[in-house]
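Scroll down for the structure; my scribbles are underneath it.
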Amino acid sequence: MRQLQSRNCQRWSMTTTHLVQRISGLSRRTNMHFPGFCKFRPRILIDVSKIDLRTTVLGFNISMPIMIAPTAMQKMAHPEGEYATARATAAADTIMTLSSWATSSAQEVASTGPGIRFFQLYVYKDRSVVTQLVRRAERAGFKAIVLTVDTPRLGRREADIKNRFVLPPHLTLKNFEDLFLGKMDKTNDSGLASYVAGQVDQSLSWKDVKWLQTITKLPILVKGVITAEDARLAVQYGAAGIVVSNHGARQLDYVPATIMVLEEVVKAAQGRIPVFLDGGVRRGTDVFKALALGASGVFIGRPVVFSLAADGEAGVRKVLQMLRDEFELTMALSGCRSLKEITRDHIVTEWDRPRIAPRL
């Protein structure tokens with residue numbers, strides 16, 4: 001991953017490079033907890049000649065529990081942007097989540113060919129805009145809505161402010177282009193922050209999850225949950241699933257890494273809806289940790305952007321294959337032949353009580 005990130009930095013402009021370096025450093029501090037927090041407890045003398053990574057997410061069969069998180073403006077990383085990511089994800093037989101703020105529209109991504117795709121949604125002040133986005137996602141064959149709930153306001157992204165971030169003039173937020181909301185205005189600080197302040201609804205509440213259910217029959221995943229209290233509310237308000245996410249550690253300083261709160265959220269959901277992890281996954285071992293702590297799967301974001309910038313579609317294919325291979329190896333060395341065999345007993349965390357070996 002570090003090699004891909006390095007190649008990524010060579011490719012992007014100096015402004016974007018600075019942004020990636022700043023964001024990545026923040027991610028290491030807050031999303032990738034120190035290595036000692038979780039240790040493996042592998043089992044031995046188990047026949048692992050055959051390993052099955054397949055799983056089911058919302059009724060859809062996929063090749064592995066590794067999926068693509070919504071990352072915005074991918075054509076800033078590579079000219080083919082979301083097209084390349086869509087093709088690579090379909091080739092890997094897993095799920096891609098398209099950002100509302102993509103530089104390719106839902107229809108354009110659908111035109112790349114078959115694939116299981118979810119649509120990430122921000123709720124705008126103008127609810128007719130939201131309704132149109134959902135309808136378009138439905139018509140384009142998207143299978144679920146991923147509602148981002150942790151962004152009533154944009155966090156203080158100092159690199160964006162310093163660089164006066166705005167989309168390059170040749171790019172637009174394609175899903176909003178014909179709604180005259182596809183461009184960002186230049187400002188004295190962050191154009192993205194100004195755009196969010198002007199368009200995203202700060203009054204978003206749990207009742208809006210119910211409202212979304214009245215305009216679509218697609219399952220709704222709630223993305224941005226990091227507490228047991230909100231997990232219980234997500235179940236209560238009819239969410240089809242939870243995505244544990246701190247928005248890449250870019251919204252609020254001092255929030256915990258997603259892996260640190262995953263088990264709390266899983267316990268609160270009580271198996272009534274699936275819980276997924278988003279953030280901090282850089283190796284197949286991270287996938288194993290997440291599943292051992294109760295996740296039904298993981299979503300990856302930055303690794304996709306790094307690999308896309310480094311080598312387009314081939315880069316995204318490679319990073320998905322790398323993570324798959326590492327995860328499969330971790331399963332084999334832990335004595336797990338299928339995902340259901342990955343249990344809490346396969347890891348020990350810093351918050352566990354000391355284990356006392358059973359008497360023989």
Side-chain angles (χ1 to χ4, degrees), residues 27-43 53 55-58 64-67 69 146-150 221-237 239-249 251-302 323 326-327 330-331 333-336 338-356:
S27 172
R28 283 195 292 274
R29 291 196 299 274
T30 59
N31 243 15
M32 300 173 68
H33 198 64
F34 58 87
F37 101 94
C38 182
K39 301 290 189 182
F40 291 144
R41 301 183 68 247
R43 301 301 305 276
L53 275 64
T55 189
T56 301
V57 172
L58 301 184
M64 57 183 173
I66 304 168
M67 299 162 282
V146 179
L147 175 65
T148 295
V149 295
D150 60 359
L221 300 174
V222 176
K223 178 179 180 290
V225 175
I226 59 171
T227 65
E229 296 90 332
D230 284 335
R232 286 189 283 268
L233 285 169
V235 173
Q236 177 183 332
Y237 280 87
I242 289 169
V243 181
V244 176
S245 172
N246 61 18
H247 214 104
Q251 276 297 99
L252 179 64
D253 289 344
Y254 306 111
V255 292
T258 52
I259 193 74
M260 302 295 290
V261 297
L262 173 61
E263 193 167 28
E264 170 187 335
V265 173
V266 167
K267 288 179 178 178
Q270 296 182 332
R272 288 174 288 184
I273 57 176
V275 176
F276 305 95
L277 177 81
D278 177 285
V281 174
R282 298 294 183 271
R283 290 188 176 274
T285 47
D286 297 328
V287 182
F288 188 93
K289 293 173 193 176
L291 268 62
L293 289 167
S296 295
V298 303
F299 288 89
I300 59 170
R302 286 190 181 97
L323 287 171
E326 291 173 3
F327 177 50
T330 305
M331 287 180 63
L333 295 178
S334 299
C336 298
S338 66
L339 302 189
K340 67 181 180 182
E341 292 186 355
I342 302 174
T343 69
R344 186 62 168 81
D345 288 334
H346 284 96
I347 62 169
V348 59
T349 67
E350 63 175 12
W351 57 83
D352 290 328
R353 293 178 179 178
R355 291 179 179 270
I356 300 175

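If you're wondering where the values come from, they're calculated on a predicted model, not measured in any experiment. Index from 1, following the sequence.
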note = Scanning both residues in full, the closest heavy-atom pair of P65 with V287 reads CG-CG1, 4.4 Å

ask   = Can you name the nearest heavy-atom pair linking D278 to S245, along with the distance?
value = OD1-OG, 3.6 Å

ask   = Which atom pair, heavy atoms only, marks the closest approach of T343 to A292?
value = O-CB, 3.6 Å

task = Take F40 and L333, measure what side chain to side chain contact (heavy atoms under 4.5 Å, CB included) needs, and give me the verdict at the end.
result = CA-CA 10 Å; F40 291 144; L333 295 178; over 6 Å; no

task = Enter the distance from L293:CG to T349:OG1 here, rounded to the nearest 0.5 Å.
result = 7.0 Å

Closest non-hydrogen atom pair between A239 and I273, with its separation = O-CG2, 3.3 Å

note = Result for side-chain contact (heavy atoms from CB on, under 4.5 Å) between F276 and one of L221, L262, V146, V265 points to L221

key: Pair K289 + D286, salt bridge at N-O below 4.0 Å   = yes

task = Show the numbers, then the answer: is there a side chain to side chain contact (heavy atoms under 4.5 Å, CB included) between H346 and F288?
result = CA-CA 9 Å; H346 284 96; F288 188 93; 3.9 Å; yes

request  = Might you point out which heavy atoms bring I259 and W351 nearest each other, and give the distance in Å?
outcome  = O-CH2, 4.4 Å

message = Between K39 and D352, does any NZ, NE, NH1 or NH2 come within less than 4.0 Å of an OD or OE carboxylate oxygen?
response = no

ask   = Would you say T258's side chain and G279's backbone share a donor-acceptor pair under 3.5 angstrom?
value = yes

request  = Go through L339 and F327 one step at a time and tell me if the side chain to side chain contact (heavy atoms under 4.5 Å, CB included) criterion holds.
outcome  = CA-CA 11 Å; L339 302 189; F327 177 50; 3.7 Å; yes

ask   = Donor-acceptor pair, N246 side chain versus P256 backbone, under 3.5 Å?
value = yes

query = Just by modelled atom types, is the A228 backbone N or O under 3.5 Å from a matching donor or acceptor in the E264 side chain?
reply = yes

remark   = Scanning both residues in full, the closest heavy-atom pair of E326 with G284 reads OE1-N, 2.8 Å

message = Closer than 3.5 angstrom, by distance alone: can the side chain of R41 be matched with the main-chain N or O of D345 as a donor-acceptor pair?
response = yes

